[in-house]
Structure formats: structure tokens, C-alpha cells
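Below is one structure, written out as C-alpha cells; the observations come after it.
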Amino acid sequence: MTSDNDRRRGLLARLRGRPVARSRGRRRLGAAVRLFAALMLAGGAYTVFAPGVQAQDNPPLTAAGNEGKALFDVSCVTCHGRNAQGVEGRGPSLIGVGSASVEFQVSSGRMPMARQEAQAMRKPPQFTDEQVRQLGQYIQELGGGPEVPNGDLREGANLATGGELFRINCSQCHAFGGGGGALSSGKYAPSLAPASDRQIYAAMLSGPQNMPVFGDNQITPQEKADIIAYIQDTLKNDGDPGGFNLGRYGPSTEGIAIFLVGIVALVFASLWIAGKS
């Protein structure tokens, strides 16, 4: 049996251990309180300073950007949403497309679209050149992207090089004469006849509709100048020395024309021979 001395020693030991346990519990509780206070302080500091950080990440728009935003909010927000983030089923986001895409689509009248269809058709533009520039500046300041350089886009161009590049990269869709052609699913490559220098350059940078993007890594700015010069100075001004161009759609229309003319000529020749015999 346990003696009274043993019981007393055990009781004293337990009594000595209680303050130790209590002090450990206090330390843990204090650490938890300090951690909670630190988290609350960090959260409060973030709440106070976050708006200032956000304001630095989104600098104010320039004068042209503000004018473009006003035009955008009236004519484009229905399909492309506020801040150009896009609206599902109506229009894509414009963040990152750059002013080149805006300049091509708006200056050629393709945007705003009259209705949803397989491809945006060229129409008379609804905005002046200055308004197009302002819209492009607003989209450029929102998310950046490719821009059409200012100045003469054909400076130092080489027509022979431009013709070679056009035949390699462009003629498969736009045809050798630049008259355009049909593609799949109701889409088509448009004629290049009404396109300006800046529209051609912007199209190469932005890749509208089914057109691939020809960035500066694929076709250098100098090569772009060569292509533009070839289109504007050769394709549009050669005067069709071979005769009627048949829309410049290539061998398809030419083959049909030759077939019809040849059949008619054979029929009349057969009738003439039969009448003489």
C-alpha cells in the first residue's frame, strides 16, 4: 500500500505542475491573440492602400483616349461591354487587340455591325478619321496591342519583292489580281481594291476574320511596305492590259467564260456549216 508520505509527495508534485501548465496555456493564448491582431492589422492596411495601388495600375486616359471612350460608350458598349471586356454571344473582348484592329474594322465600316452574320461586310464608315483614331487610342490605352505606325507606309518599297511576297502569302485567298475569293462556311477574302495603305497594314497586324496575323516576326515592316506598294501601285494601276478582268477572280471565271464563249462559237459554227451543206 502507498504510504502517507508518498501520497503527500504526489500531491505536492501535482500542485507544482499546475502553474507550469497554466503558464504554457497563457503563452499559447497570447500568441494566438497577437497573430489575430497582426492579421487584422495587415488586412486593414491592405484595405487602406489597395485603392492607391489600383489607381497607379490604371493611369488616367489621355485626351484622345477620353474622347474615344465617349464614342465607345455610345456606339460599342452594347456588344463589347463596359471597359471593352466583351459580351458573351454579342462581341469579343477588345483588351489587347490594339488600335490596329480598331482602325481596320471601324475605318472600313465593318464595325459597328448591322447584324450578326458569317463575316462583317465592308460598308461606308460611320466615323470620321479623327474619331477612328480616338477609338483606337482608347482601346490601345486599355490593354495595349499592335499599332499602325505613322508616316509613309510605302517609303523605300521594292515592287518586285512586294509582288513575290504577295504571291506567296496573300494570293491564295485574295487571288493573284487582288479581287478576293470565296472561303468556307459563307466567308470570303474581300477585294483589295478599296483598301487604303493603313487598312492593309492594320489587317496584316491584326488578322481580321479568317486572315492570319502577320506580325513583324513573320513579315518585317519593310516587307509590309513592299506588299502595300505592290498592291497600290501595280495591282490597282495595271489597267488590265489583257482585256476585261472578269472581276479578277482567277481561273474559275476565266474558265467559265472560255467554256461559254467556246460552246456558243461551236454551236454557231455547226449551224453555219449545216446551212452551207
Roughly how far, to the nearest 0.5 Å, is the [atom2] atom of [Y] from the [atom1] atom of [X]?
| X | Y | atom1 | atom2 | value |
| --- | --- | --- | --- | --- |
| Thr161 | Tyr230 | OG1 | OH | 12.0 Å |
| Asn158 | Glu223 | CG | CD | 11.0 Å |
| Gln105 | Leu94 | CD | CG | 9.5 Å |
| Leu271 | Leu266 | CG | CG | 11.0 Å |
| Glu130 | Leu135 | CD | CG | 10.5 Å |
| Phe127 | Arg133 | CZ | CZ | 14.5 Å |

Under a single-linkage definition using a 4.5 Å side-chain heavy-atom cutoff for Ile, Leu, Val, Met, Phe, Trp and Tyr, are [X] and [Y] assigned to the same hydrophobic cluster?
| X | Y | result |
| --- | --- | --- |
| Phe176 | Tyr188 | no |
| Phe104 | Ile200 | no |
| Leu61 | Val132 | yes |
| Ile258 | Val261 | no |

Within 6.0 Å of CD in Glu155, more than 12 heavy atoms from elsewhere
no
Flag if over 12 foreign heavy atoms under 6.0 Å of CD, Glu164
no
Can you check whether [X] reaches [Y] side chain to side chain, under 4.5 Å on heavy atoms?
| X | Y | result |
| --- | --- | --- |
| Phe259 | Val264 | no |
| Glu147 | Gln140 | yes |
| Leu159 | Asp226 | no |
| Cys79 | Met113 | no |
| Pro112 | Gln126 | yes |
| Phe214 | Leu205 | no |

Give every residue pair that meets the side-chain hydrogen bond (donor to acceptor under 3.5 Å, both in side chains) criterion with at least one member in residues 192-201, sequence neighbours excluded.
Glu103-Arg198, Ser107-Gln199, Arg122-Gln199, Arg154-Asp197, Asp197-Gln232
Which residue pairs pass the side-chain hydrogen bond (donor to acceptor under 3.5 Å, both in side chains) test with at least one member in residues 206-216, sequence neighbours excluded?
Asp216-Lys224
If you take all heavy atoms of [X] and [Y], which pair is closest and at what distance?
| X | Y | value |
| --- | --- | --- |
| Ala100 | Val148 | CB-CG2, 4.0 Å |
| Pro208 | Ala203 | CD-O, 3.3 Å |
| Gly180 | Ala175 | O-CB, 3.8 Å |
| Gln222 | Gly156 | NE2-O, 3.0 Å |
| Pro146 | Gly96 | CD-O, 4.1 Å |

Side chain to side chain contact (heavy atoms under 4.5 Å, CB included) for Val102 and Gln137? Distances and angles first, verdict last.
CA-CA 9 Å; Val102 176; Gln137 183 65 28; over 6 Å; no
For a quick check under 3.5 Å, do Thr62 and Glu141 share a side-chain donor-acceptor pair by atom type?
yes
Hey, mind stepping through Ser99 and Ile139 against side chain to side chain contact (heavy atoms under 4.5 Å, CB included) and telling me if it holds?
CA-CA 6 Å; Ser99 60; Ile139 298 301; over 6 Å; no
Note: Lys69-Asp73 ion pair, threshold 4.0 Å (strictly below):
yes
For Ile168, is there any backbone N or O sitting under 3.5 Å from a side-chain donor or acceptor partner on Gln172?
yes
Keeping Lys236 on the side-chain end and Leu192 on the backbone end, is there a donor-acceptor pair under 3.5 Å?
yes
Show which side-chain atoms of residues 81-93 pair as donor or acceptor with protein atoms under 3.5 Å away, not counting sequence neighbours.
from: Arg90; atom 1: NH1; to: Thr78; atom 2: O; distance (Å): 3.2
from: Ser93; atom 1: OG; to: Ala84; atom 2: O; distance (Å): 3.4
from: Ser93; atom 1: OG; to: Ile95; atom 2: N; distance (Å): 3.2

